[in-house]
Amino acid sequence: MGFSESGNKKLWKQKYPLLEPITNLEPILWLNQRIKEEQHTPELPLTKKDMYEAEKLWKRFVPFLKKAFSELEETDGQIESPLKRLDSLKPVLEDYYHFNIDGNLYVKCDNELPIAGSIKARGGFYEVLHYAEKLAIENGLMSYDGNYEAFLSEEFKSFFKQYSIGVGSTGNLGLSIGIMSAALGFTVTVYMSADAKQWKKDLLREKGVRVVEFTGDFSEAIHAGRQETIADPKGYFVDDESSRHLFLGYSVAALRLEKQLEEMDINVDADNPLFLYLPCGVGGSPGGITFGMKQLFGNHVHCFFAEPTHSPSVLLGLLTGEKDQICVQDFGIDNHTEADGLAVGRPSSFATSISEHLISGIYTVEDDALYKILTMLADNEDLYVEPSATAGLLGPKYILKSTYIEQYNINIDNATHIAWSTGGDLVPNFDMKQYYEKGKILLA
Ligand SMILES: *Cc1c(COP(=O)(O)O)cnc(C)c1O
């Protein structure tokens with residue numbers, strides 16, 4: 001590829017001066033000029049209708065979900081998370097980082113999503129359910145208007161057992177694919193990268209999932225998993241580097257959020273802009289949510305991704321325009337971060353080809369800052385999340401101090417800021433305590 005040759009690197013840096021601080025691992029904000037230059041968003045590989053269709057699939061599976069997972073009885077089969085206003089944390093953040101948030105700050109608590117405890121419940125569950133439905137319908141076991149409780153029957157389970165599902169993961173995607181596949185009876189293998197936490201592997205094995213461990217990073221785990229899975233004629237690989245289904249599953253979050261905003265009397269229009277801050281790994285979950293929100297709110301919603309300074313994969317892909325053709329290692333960046341959900345060196349090709357037309361920008365965050373926010377969130381709001389999940393809360397600090405607001409002439413007096421909290425509920429107490437203590441020391 002040649003990007004890592006020193007001569008080439010110099011040329012890149014001349015063309016894109018921001019590469020200098022990025023390769024020095026400094027936290028930065030990149031604004032996506034493309035959205036300004038493009039008069040109209042080009043035709044995307046997905047439509048608003050696809051998103052509504054995806055929501056319908058979730059509805060068809062409600063009877064199954066309610067029966068298969070006892071925790072969904074009280075939610076009536078819905079896998080959704082609350083939107084919470086952070087009145088106590090907001091002044092603390094403003095004080096600590098010396099800035100002012102006009103309007104309100106909220107957190108979307110996907111760390112509390114049932115069953116999987118992370119945002120992967122949206123994309124991962126959706127893709128597995130979609131595949132199960134397709135198989136059942138193609139084989140005459142089910143029709144779209146049938147009773148999906150049948151997916152719990154022994155007949156279905158022994159049918160699905162002949163099919164294998166594989167997935168490469170830094171942890172959370174493996175959890176969601178593993179749990180849902182096992183519940184349906186699939187033979188499932190999770191290929192875990194070196195940064196995956198031990199407790200995630202243990203939990204999966206407990207559920208009857210085969211876990212294969214790699215010493216390399218996420219891209220290696222995906223590559224090996226893909227090869228092994230597709231070698232089986234009845235194998236299906238959930239490909240986080242290019243999945244349309246994961247993306248659509250995430251996009252449904254926009255429809256749910258739209259409803260929550262309505263219920264909470266939060267307007268989104270020219271006088272009440274909405275800012276979304278989304279932690280980003282391969283770019284699938286933040287991309288899907290951005291796609292959905294843009295379909296619903298157009299220019300009144302401004303979506304920013306957050307990546308670790310050591311794993312700015314989507315940032316490098318979009319900044320250079322090379323997307324999945326490059327990885328952070330090409331620029332001498334090591335992809336080592338405590339934010340395991342974001343420890344991704346190469347972006348998703350499918351997601352970035354859409355996000356490049358829709359997102360407002362990307363900022364990068366140091367691991368230490370993630371721990372500090374984690375502890376602040378716990379102390380002030382009694383919310384316990386994993387390090388990756390806190391990256392969105394730094395968004396207002398970057399954006400409100402930047403030229404973005406002026407450039408687009410945005411009235412921020414009544415803005416709504418939503419940081420997407422992406423995971424945490426399944427983290428064992430022992431690990432959570434260590435995260436918290438680490439933040440406490442950093443804040444002292
Ligand atoms: C996967 C994940 C993300 C990012 O999602 P991508 O689709 O990889 O961009 C963010 N936070 C957590 C906790 C995750 O597990």
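For clarity, every value in this text was computed on a predicted model and none was experimentally measured. Counting starts at 1 for both ligands and their atoms, in listed order. The chain is numbered in sequence order, starting from 1.
Residues with a heavy atom under 4.0 Å from ligand 1: K120, N172, P279, C280, G281, V282, G283, G284, S285, P286, G341, L342, E386, S388, T422, G423.
Under the salt bridge (charged side-chain N to carboxylate O under 4.0 Å, His left out) criterion, R34 pairs with E38, E356, not counting sequence neighbours.
Using a 3.5 Å distance cut-off with no hydrogens or angles, the side chains of Y236 and E127 do pair a donor with an acceptor.
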Run the salt bridge (charged side-chain N to carboxylate O under 4.0 Å, His left out) check on K259 and E262 step by step: do they pass? CA-CA 5 Å; K259 201 158 152 240; E262 246 171 62; over 6 Å; no
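Annotation: side-chain hydrogen bond (donor to acceptor under 3.5 Å, both in side chains) contacts involving residues 205-220, sequence neighbours excluded, comprise T189-R210, K201-E213, R205-E213, R210-E228, D217-Q329, D217-N335. Pairs of residues two or more places apart, or lying in two chains, that qualify as salt bridge (charged side-chain N to carboxylate O under 4.0 Å, His left out) and include a residue from residues 363-388 are K200-E386, D379-K440.
Relative orientation of the Y277 and H417 rings is parallel, given thresholds of 30° and 60° on the angle between their planes.
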